[in-house]
Amino acid sequence: MHLLKLLLAFVAVLCLIGCKSEKTYVSQVVFTDSLAYVDGSLYSGELWSDDTTSYCIMAEEGRIVSLTMYHDNGQVALSMPSIDSLECFDQKGASIPFDSFVARYEELADQVPLLIHRMTPANNEEEQQ
């Protein structure tokens, strides 16, 4: 009986690992009325850049609530936990001012306005018109 319980627990763990959901990518999202939809439903969860490593947007019930960008080495480059809060980091993880971030990491910095634009409801609504 003990062996059966152990076997069932092992199978349950394998099912959980096997059922692990895949990442959702920004290209799978439709933005309508400042809300993120995936497969026609409001989306809650992480939305990853199509390259799977550049940035991650967090959505709650379709609303974009935060943004995290990453350096090539996997370190956090920019963290925007809300539209009013922004932190920038160098490749070693040290905090740096935004203007230094723009000067040092131009390729990443060029993506910031577009991503912030997606996070701002008023801008998304203007796009629709």
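Taking 4.5 Å as the limit, every side-chain heavy atom of V76 sits out of range of all side-chain heavy atoms of M69. Side-chain contact between T24 and V38 is present, with at least one heavy-atom pair separated by less than 4.5 Å. At least one side-chain heavy atom of D110 sits less than 4.5 Å from a side-chain heavy atom of E106. Taking 4.5 Å as the limit, every side-chain heavy atom of M80 sits out of range of all side-chain heavy atoms of T68. For the pair K92 and Q75, the minimum side-chain heavy-atom distance is 4.5 Å or more. Side-chain contact check for D39 versus S41: every heavy-atom pair is 4.5 Å or farther apart.
A search for side-chain contact (heavy atoms from CB on, under 4.5 Å) contacts involving L42 returns L35, Y37, not counting sequence neighbours. In this structure F101 satisfies the ring-ring contact (aromatic ring centres under 6.0 Å, His included) test together with Y105, sequence neighbours excluded. For D72, there are no salt bridge (charged side-chain N to carboxylate O under 4.0 Å, His left out) partners at least two apart in sequence or on another chain. The side-chain contact (heavy atoms from CB on, under 4.5 Å) search around D84 returns S82, not counting sequence neighbours. For Y70, there are no side-chain hydrogen bond (donor to acceptor under 3.5 Å, both in side chains) partners, not counting sequence neighbours.
Atoms CZ and CE, on R63 and M58 in that order, are 12.5 Å from each other to the nearest 0.5 Å. Here the straight-line distance linking atom SG of C56 with atom OH of Y25 works out to 11.0 Å at 0.5 Å rounding.
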Name each donor-acceptor pair under 3.5 Å that joins a side chain in residues 45-53 to protein atoms two or more places apart or in another chain, with its distance.
residue: E46; atom: OE1; partner: W48; partner atom: NE1; Å: 3.0
residue: S49; atom: OG; partner: D51; partner atom: OD1; Å: 2.5
residue: S49; atom: OG; partner: S54; partner atom: N; Å: 3.1
residue: S49; atom: OG; partner: Y55; partner atom: N; Å: 3.3
residue: D50; atom: OD1; partner: S27; partner atom: N; Å: 3.3
residue: D50; atom: OD1; partner: S27; partner atom: OG; Å: 2.8
residue: D51; atom: OD1; partner: T53; partner atom: N; Å: 3.0
residue: D51; atom: OD1; partner: S54; partner atom: N; Å: 3.0
residue: D51; atom: OD1; partner: S54; partner atom: OG; Å: 3.2
residue: D51; atom: OD2; partner: S54; partner atom: OG; Å: 2.3

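For the pair N73 (side chain) and Q91 (backbone), a donor-acceptor distance under 3.5 Å is present. H71 contributes a side-chain N or O that, together with a main-chain N or O of F89, makes up a donor-acceptor pair within less than 3.5 Å.
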Full working for side chain to side chain contact (heavy atoms under 4.5 Å, CB included) between D90 and R104: CA-CA 8 Å; D90 66 15; R104 286 188 192 174; 3.2 Å; yes
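When all heavy atoms are compared, the tightest approach of S66 to P81 is CB-O, 3.7 Å.
V102 and L67 fall within a single hydrophobic cluster, where Ile, Leu, Val, Met, Phe, Trp and Tyr are joined by side-chain heavy atoms under 4.5 Å apart, directly or via other members.
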